[in-house]
Each structure stands twice: as structure tokens, then as C-alpha cells.
Q: 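Take this structure first; my questions come after.
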Amino acid sequence: MFGVVGCALCVVGSVDIVLHAPMERRIDSVSEIWHLATEPGFIVYSCLAVALALVLMFWVVHHTEQRKMLAYIAICSLMGSLTVISVKAVAIALKLSFTGVNQFVYIQTWFFIVVVIICCVVQLNYLNKALDSFNTAVVAPVYYVMFTILTILANMIMYKDWDSQNATQIASELCGFVTIVAGTFLLHKTRHLGNTQPDPNSLRAECELEDHI
């Protein structure tokens, strides 16, 4: 029952976000993405994300045990938000190149490719550390929430798609996101409830009682 409710919450939240999401800006070249990525707002976000990730890697992780899981997940999420932006640029470059407009002659395309490789390596490294050191049922929902929040924030800063939306649409999207988060936590927190193993001592006592009878 908890699994059904959790899945239903995730589906309802996803549908709510899709129905109220802003229209995606049409981008026809990597140069356009580069122009958006070099605006002051996104440069500040990128510098803060990289600086915070470096502080977490080289100081927080080595000086705390209680918050090490959050440090690992924060590193993955910060790098992940930059990965999403860069992957979109690379995908657009591939699409345009296949249609005959070669985008790999621009240095910006290779810059985005390098960013994707570096961020993915860092993400995989620290996500594996988190999964090896802590319970997956705790790591997965926290990573999902933090990664989604930072990715949405990075896209808002870079593409400014939310400028055309009113307060009702933004509130509906936030409610949808909270619904997905609730469903995800419910799924992970209750996934072992249906797999309870019987007590071996109780089984042995029942067998002895049957043999005696």
C-alpha cells in the first residue's frame, strides 16, 4: 500500500510540473548557450558552485564524520547542476551537426565537453563513496532532492524561463516538486516493510510442536 501511494505521489507531482512548466527557449547554436553561460548571474553561480565543491572536497570531508554523507551528496549535486547545463549544450551541438551545421569547429563546444567529463567523473566518484559508506535508502532520496533543487536553480539563473510565468504557475510547480519529494521519501523509507523475514526461533518452535503432536 505504501508503495502504491508513493508511486501515485510521484506520478501526480510529475504531471503537475509538466502541465505548469515554462516553455523551453529555442536555441539554434552553441554560441547562444555560450552567451547565456557567460552572463554575470550564471558566472557567479558557477564560481560559487565550484568553490563550495572544492571546500567540501578538501576540508569538510576530512574534518567531519557526522556530516560526511551530506558533503558527498552536496558535491555530487553541485557538479550535477553544471553537468546538466553542459550536456544540453553538447546535445544541441550534436543535433545541429547531424543536420549539416557543424558545431565542433567552435572552441565553446569542446569546452562544454570537457566540463561534462570532469563533472561526471567527480559525481561518480563521490556518489560511489556515499553509497559505499551509507545506507542507500537514505542516500538516494537526499541526493534526488538536492540534485533536483540545484539543477532547477541553475536552469532558472541561466535560461530565465520563469520570467514569463505568474505566481500561480510557479506555486503549482513548487507543489508538484514537493509532492514528488514526498513520494520518493515514502518509497525509500517503506521499501523493506514487505520483506520482513520470519524469526528462525519461532519457526523452530513451531516445527518442534508439530513433531510433538
Q: Consider only side-chain heavy atoms of I, L, V, M, F, W and Y, link residues closer than 4.5 Å, and tell whether Val178 and Ile152 are in one cluster.
A: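 No, it is not one cluster - the side chains of Val178 and Ile152 are not joined through contacts under 4.5 Å.
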
Q: Mark yes or no for whether Asn128, through its side chain, and Leu124, through its backbone, hold a donor-acceptor pair below 3.5 Å.
A: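 The answer is yes, because a donor-acceptor pair under 3.5 Å joins these two groups.
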
Q: Is there a side-chain contact between Lys88 and Val84 (heavy atoms, below 4.5 Å)?
A: no

Q: Tell me, please, which residues at least two apart from Leu131 pass side chain to side chain contact (heavy atoms under 4.5 Å, CB included).
A: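 With sequence neighbours excluded, Leu131 shows a side chain to side chain contact (heavy atoms under 4.5 Å, CB included) to Leu127, Thr136, Val139, given in chain and number order.
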
Q: Mind checking whether Met69 and Met146 sit in one hydrophobic cluster, side chains of I, L, V, M, F, W, Y counted as touching below 4.5 Å?
A: yes

Q: To the closest 0.5 Å, what do you measure between OG (Ser86) and CD1 (Ile117)?
A: 11.0 Å

Q: Got Met79 and Ile118 here, is their nearest side-chain heavy-atom distance under 4.5 Å?
A: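 Contact flag for Met79/Ile118 side chains = no.
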
Q: Would you please name every residue forming a side-chain hydrogen bond (donor to acceptor under 3.5 Å, both in side chains) with Ser81, sequence neighbours left out?
A: Tyr45

Q: Are Tyr72 and Val55 grouped together when hydrophobic residues (ILVMFWY) are joined by side-chain heavy atoms under 4.5 angstrom apart?
A: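 Yes; tracing contacts between hydrophobic side chains, which count when under 4.5 Å, links both residues.
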
Q: Please name all residues satisfying side chain to side chain contact (heavy atoms under 4.5 Å, CB included) with Ile149, sequence neighbours left out, ordered by chain then number.
A: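 Ile149 satisfies side chain to side chain contact (heavy atoms under 4.5 Å, CB included) with Val145, Phe177 once adjacent residues are dropped.
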
Q: Which atoms form the tightest heavy-atom contact between Ala74 and Leu56, and what is the distance?
A: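 Scanning both residues completely, I find the closest heavy atoms to be CB-CD1, 3.6 Å.
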
Q: Members other than Leu19 in its cluster, when Ile, Leu, Val, Met, Phe, Trp, Tyr link by side-chain heavy atoms under 4.5 Å?
A: Val11, Val15

Q: With sequence neighbours left out, write down each residue that passes side chain to side chain contact (heavy atoms under 4.5 Å, CB included) with Cys175, or none if nothing qualifies.
A: Asp16

Q: If you round to the nearest 0.5 Å, how far is CG of Leu150 from CG of Asn155?
A: 11.5 Å

Q: With a cut-off of 3.5 Å and sequence neighbours excluded, list every side-chain donor-acceptor pair involving residues 35-44.
A:
{"from": "Thr38", "atom 1": "OG1", "to": "Trp34", "atom 2": "O", "distance (Å)": "2.8"}
{"from": "Thr38", "atom 1": "OG1", "to": "His35", "atom 2": "O", "distance (Å)": "3.1"}
{"from": "Glu39", "atom 1": "OE1", "to": "Lys160", "atom 2": "NZ", "distance (Å)": "2.7"}

Q: Tell me whether Leu96 shares a hydrophobic cluster with Phe111, the cluster being built from Ile, Leu, Val, Met, Phe, Trp, Tyr side chains joined at under 4.5 Å.
A: yes

Q: Closest heavy-atom contact between Leu9 and Ala182?
A: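 The answer is CD1-C, 4.3 Å.
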
Q: Which residue pairs pass the side chain to side chain donor-acceptor pair (under 3.5 Å) test when at least one of the two sits in residues 138-154, sequence neighbours left out?
A: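 Counting only pairs at least two positions apart or across chains, the side chain to side chain donor-acceptor pair (under 3.5 Å) contacts touching residues 138-154 are Gln123-Tyr143.
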
Q: Search all heavy atoms of Ala53 against all heavy atoms of Ile75 and return the closest pair with its distance.
A: O-CG1, 4.1 Å

Q: Can you name the closest pair of heavy atoms from Cys119 and Thr83 and give their distance?
A: CB-OG1, 2.9 Å

Q: Please identify each residue that fulfils side chain to side chain contact (heavy atoms under 4.5 Å, CB included) with Asn102, with sequence neighbours left out.
A: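 Scan of Asn102 (side chain to side chain contact (heavy atoms under 4.5 Å, CB included), adjacent residues dropped) gives Ser97, Phe104, Val105.
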
Q: Show which residues join Ile107 in its hydrophobic cluster (side-chain heavy-atom contacts under 4.5 Å, direct or indirect), or state none.
A: none

Q: Keeping Thr109 on the side-chain end and Gln103 on the backbone end, is there a donor-acceptor pair under 3.5 Å?
A: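 Yes; judged by distance alone, with no hydrogens or angles, the pair exists.
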
Q: Determine whether Val50 and Leu82 make a side-chain contact, defined as any pair of heavy atoms from C-beta on separated by less than 4.5 Å.
A: yes

Q: Between Ile33 and Trp110, is there shared hydrophobic-cluster membership here, with clusters defined by ILVMFWY side-chain heavy atoms closer than 4.5 Å?
A: yes

Q: Could you measure the distance from the CG atom of Leu78 to the OG atom of Ser46? Nearest 0.5 Å is fine.
A: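 Spacing of CG (Leu78) from OG (Ser46) equals 11.0 Å.
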
Q: Verify side-chain contact (heavy atoms from CB on, under 4.5 Å) between Val122 and Met57, making sure each step is shown before the conclusion.
A: CA-CA 10 Å; Val122 174; Met57 289 180 202; 3.6 Å; yes

Q: Less than 4.5 Å apart, side chain to side chain, heavy atoms only: is that true for Glu32 and Ile92?
A: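 In short, these two side chains do not touch, never coming nearer than 4.5 Å.
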
Q: Please tell me if the side chains of Phe134 and Leu70 come closer than 4.5 Å, counting only heavy atoms from C-beta onward.
A: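 Result no, sub-4.5 Å side-chain heavy-atom pair not found.
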
Q: Say you draw a straight line from CD1 of Ile73 to CZ of Phe147; how long is it, rounded to the nearest 0.5 Å?
A: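 Between atom CD1 of Ile73 and atom CZ of Phe147 there are 13.0 Å.
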
Q: Do you know the tightest heavy-atom contact between Val61 and Lys68?
A: O-CE, 3.2 Å

